[in-house]
Protein chains: 2
Amino acid sequence: MQSVDKVVEKFKKSGLKITSQRIAIFSLLQEARNHPSAEDVYQEILKAYPTTSFTTVYKTLQILRDLGEIQELTLDKTRARYDPDVSEHIHTLCEHCGALADLHWSDFIMNNVRFYGSEKANFEVHRVQIYLIGICRKCRMKKWGLQE
Amino acid sequence: MQSVDKVVEKFKKSGLKITSQRIAIFSLLQEARNHPSAEDVYQEILKAYPTTSFTTVYKTLQILRDLGEIQELTLDKTRARYDPDVSEHIHTLCEHCGALADLHWSDFIMNNVRFYGSEKANFEVHRVQIYLIGICRKCRMKKWGLQE
DNA sequence: GTTGGTGCAAATAGTTTGCACAGTT
DNA sequence: AACTGTGCAAACTATTTGCACCAAC
């Protein structure tokens, strides 16, 4: 996701209006590193703007997604989760604690996969999603009774 | 998924019972190449066994998943889809027609990704899921007005 | 003033569960 | 006979929509 200012510009250019709720949502997502669900974003926004509704959060997330400012992750079967980092990167999902995390510096792999799909499979690749499902470092340490 | 006979054996060994409905579900999945949803399986089973209920299909799919005989794909936000091929392979999702397809001979890539996660990210990888989202060959041909 | 946004409440859709009866072992 | 499976209906949960009022432009 671009800076709040740029997103505001983008909204205006598209004929969309800027409200205090939307600014709050933009700002929150800007900082978010935990891949929040719509409900998560809503709960967080409530703290600062107790009058905001879930519907508003939901609709704004939709728009941001459609504008390509955030990406929707669907690995979690129960709820969609959002990532303000739209660059292609691998996600890890811990089966123990449910944490969804980013795996940076995975460009090489992502490019390989993309190439593979385009060249070998004759598929017009728009997006690549890679998920590693397993146990994160934290949970592994706990399992062995070690401190972090 | 293993052969129907082997799955039957596995069920019996686990103290689970074999019914005509379950045999029908096993057989159907054996042949399925279209990554059916629970509803898809149900509709198909109905043709041969009009008395079968959705609940039965649903519960049997759960068991098969838990036994590791089929894998649950969650890319499709609206419904879970099931793949009797539990080997790791890349899936493609066409944004146009919604088709979810397998990409075979992707072992090299899958192994690379797995290695990357384990070695570079210190993440205990249990499963890898890779999705390519874009436009399939069929829809691309149509777009250009070409025959298949 | 026009147009789009907000927020409530209700509709929708897939998933999941409780329970009485039936079938498998 | 004991125990699991089946199938109906209902509960649940996240998502999505209709609509009246409000706010940005």
Side-chain angles (χ1 to χ4, degrees), chain A residues 4-5 7-26 28 35-46 48-67 70 72-82 98 100, chain B residues 4-5 7-26 28 35-67 69-70 72-82 98 100:
Chain A
V4 173
D5 285 356
V7 175
V8 166
E9 271 320 297
K10 202 168 183 179
F11 264 58
K12 287 190 175 171
K13 273 183 191 159
S14 308
L16 297 165
K17 291 170 181 170
I18 297 303
T19 62
S20 56
Q21 292 94 329
R22 285 186 169 174
I23 295 282
I25 295 168
F26 298 168
L28 181 91
H35 306 81
S37 63
E39 181 68 28
D40 292 337
V41 173
Y42 171 56
Q43 290 300 335
E44 207 53 42
I45 294 290
L46 271 190
Y49 295 79
T51 61
T52 312
S53 74
F54 177 80
T55 307
T56 297
V57 171
Y58 171 77
K59 284 181 179 164
T60 302
L61 286 172
Q62 300 258 76
I63 295 170
L64 285 168
R65 180 199 58 195
D66 295 343
L67 290 177
I70 59 178
E72 193 174 58
L73 304 175
T74 55
L75 185 66
D76 187 336
K77 210 177 52 171
T78 60
R79 65 219 321 167
R81 295 174 66 166
Y82 298 89
L100 193 56
Chain B
V4 173
D5 285 356
V7 176
V8 166
E9 272 319 297
K10 203 170 182 177
F11 265 57
K12 287 189 175 171
K13 273 184 192 159
S14 309
L16 297 165
K17 291 172 181 167
I18 298 303
T19 61
S20 56
Q21 291 94 329
R22 284 186 171 173
I23 295 281
I25 295 169
F26 298 167
L28 180 91
H35 306 81
S37 64
E39 182 67 26
D40 292 338
V41 174
Y42 171 56
Q43 290 300 335
E44 205 54 41
I45 294 289
L46 271 190
K47 295 181 187 170
Y49 296 79
T51 62
T52 312
S53 73
F54 177 80
T55 308
T56 297
V57 171
Y58 172 77
K59 285 181 179 165
T60 301
L61 286 171
Q62 300 258 76
I63 295 170
L64 285 167
R65 180 198 59 195
D66 294 343
L67 292 177
E69 290 294 327
I70 59 177
E72 193 174 59
L73 304 176
T74 55
L75 185 66
D76 186 337
K77 209 176 52 172
T78 59
R79 67 221 318 171
R81 295 175 67 165
Y82 299 90
L100 193 55

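Lettering of chains follows the sequences in order, A, B, ..., and the numbering in each one begins at 1. Note that the structure is predicted; figures quoted are calculated from it, not measured.
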- Query: Would you say F26(A) and I70(A) make side-chain contact, with heavy atoms under 4.5 Å?
  - Reply: no

Enumerate all atom pairs, one protein N or O and one N or O from nucleotides 18-25 of chain C, separated by less than 3.5 Å.
{"unit_1": "dG23(C)", "atom_1": "N2", "unit_2": "K17(B)", "atom_2": "NZ", "d": "2.8"}
{"unit_1": "dT24(C)", "atom_1": "O3'", "unit_2": "I18(B)", "atom_2": "O", "d": "3.3"}
{"unit_1": "dT24(C)", "atom_1": "O2", "unit_2": "K17(B)", "atom_2": "NZ", "d": "3.1"}
{"unit_1": "dT25(C)", "atom_1": "OP1", "unit_2": "I18(B)", "atom_2": "N", "d": "3.2"}

- Nearest to the side chain of S53(B) - dT16(C), dT17(D), dT6(D)? dT6(D)

- So, do L67(B) and V7(B) sit near enough that their side-chain heavy atoms are less than 4.5 Å apart? no

- Note on the structure: Here the distance between atom C1' of dG7(D) and atom CD1 of I45(B), to the nearest Å, is 15 Å

- Query: For Q62(B) and dT4(D), what is the distance between atoms CD and P respectively, to the nearest whole Å?
  - Reply: 18 Å

- The nucleotide from dT16(C), dG7(C), dG7(D) with an atom nearest the side chain of T51(B) is dG7(D)

- Whole Å only: how far is the CD atom of Q43(B) from the C1' atom of dA13(C)? 15 Å

- 5' priority, DNA chain C, between Y42(A) and K77(A) [closest heavy atom]: Y42(A)

- Overall bend - the helix from dG1(C)-dC25(D) to dT25(C)-dA1(D), comparing terminal axes fitted on five pairs, nearest 10 degrees: 30°

- Item | Spacing between L61(A) atom CG and dG7(C) atom P, to the nearest angstrom | 14 Å

- E39(A) CD to dT16(D) C1', in whole Å, measures 15 Å

- Item | Set of side-chain contact (heavy atoms from CB on, under 4.5 Å) partners for S37(B), sequence neighbours left out | E39(B), D40(B), R79(B), R81(B)

- Options dT16(D), dT6(C), dT16(C), nucleotide nearest the side-chain atoms of R22(A): dT6(C)

- Query: Hey, does H35(A) have a side-chain heavy atom less than 4.5 Å from the side chain of L73(A)?
  - Reply: yes

- Item | Length of the line joining I23(B):CD1 and dG5(D):P, which is rounded to integer Å | 13 Å

- Message: Just N and O in the side chain of Q21(A): are any of them under 4.0 Å from OP1 or OP2 of dG7(C)?
- Response: yes

- Message: I need the OH-P distance between Y58(B) and dG14(C), as an integer number of Å.
- Response: 13 Å

- Rounded distance (Å) that lies between atom P of dA13(C) and atom CG of D76(B): 15 Å

- Message: Return whichever of I63(B) or T78(B) has its heavy-atom-nearest nucleotide of DNA chain D closer to the 5' end.
- Response: I63(B)

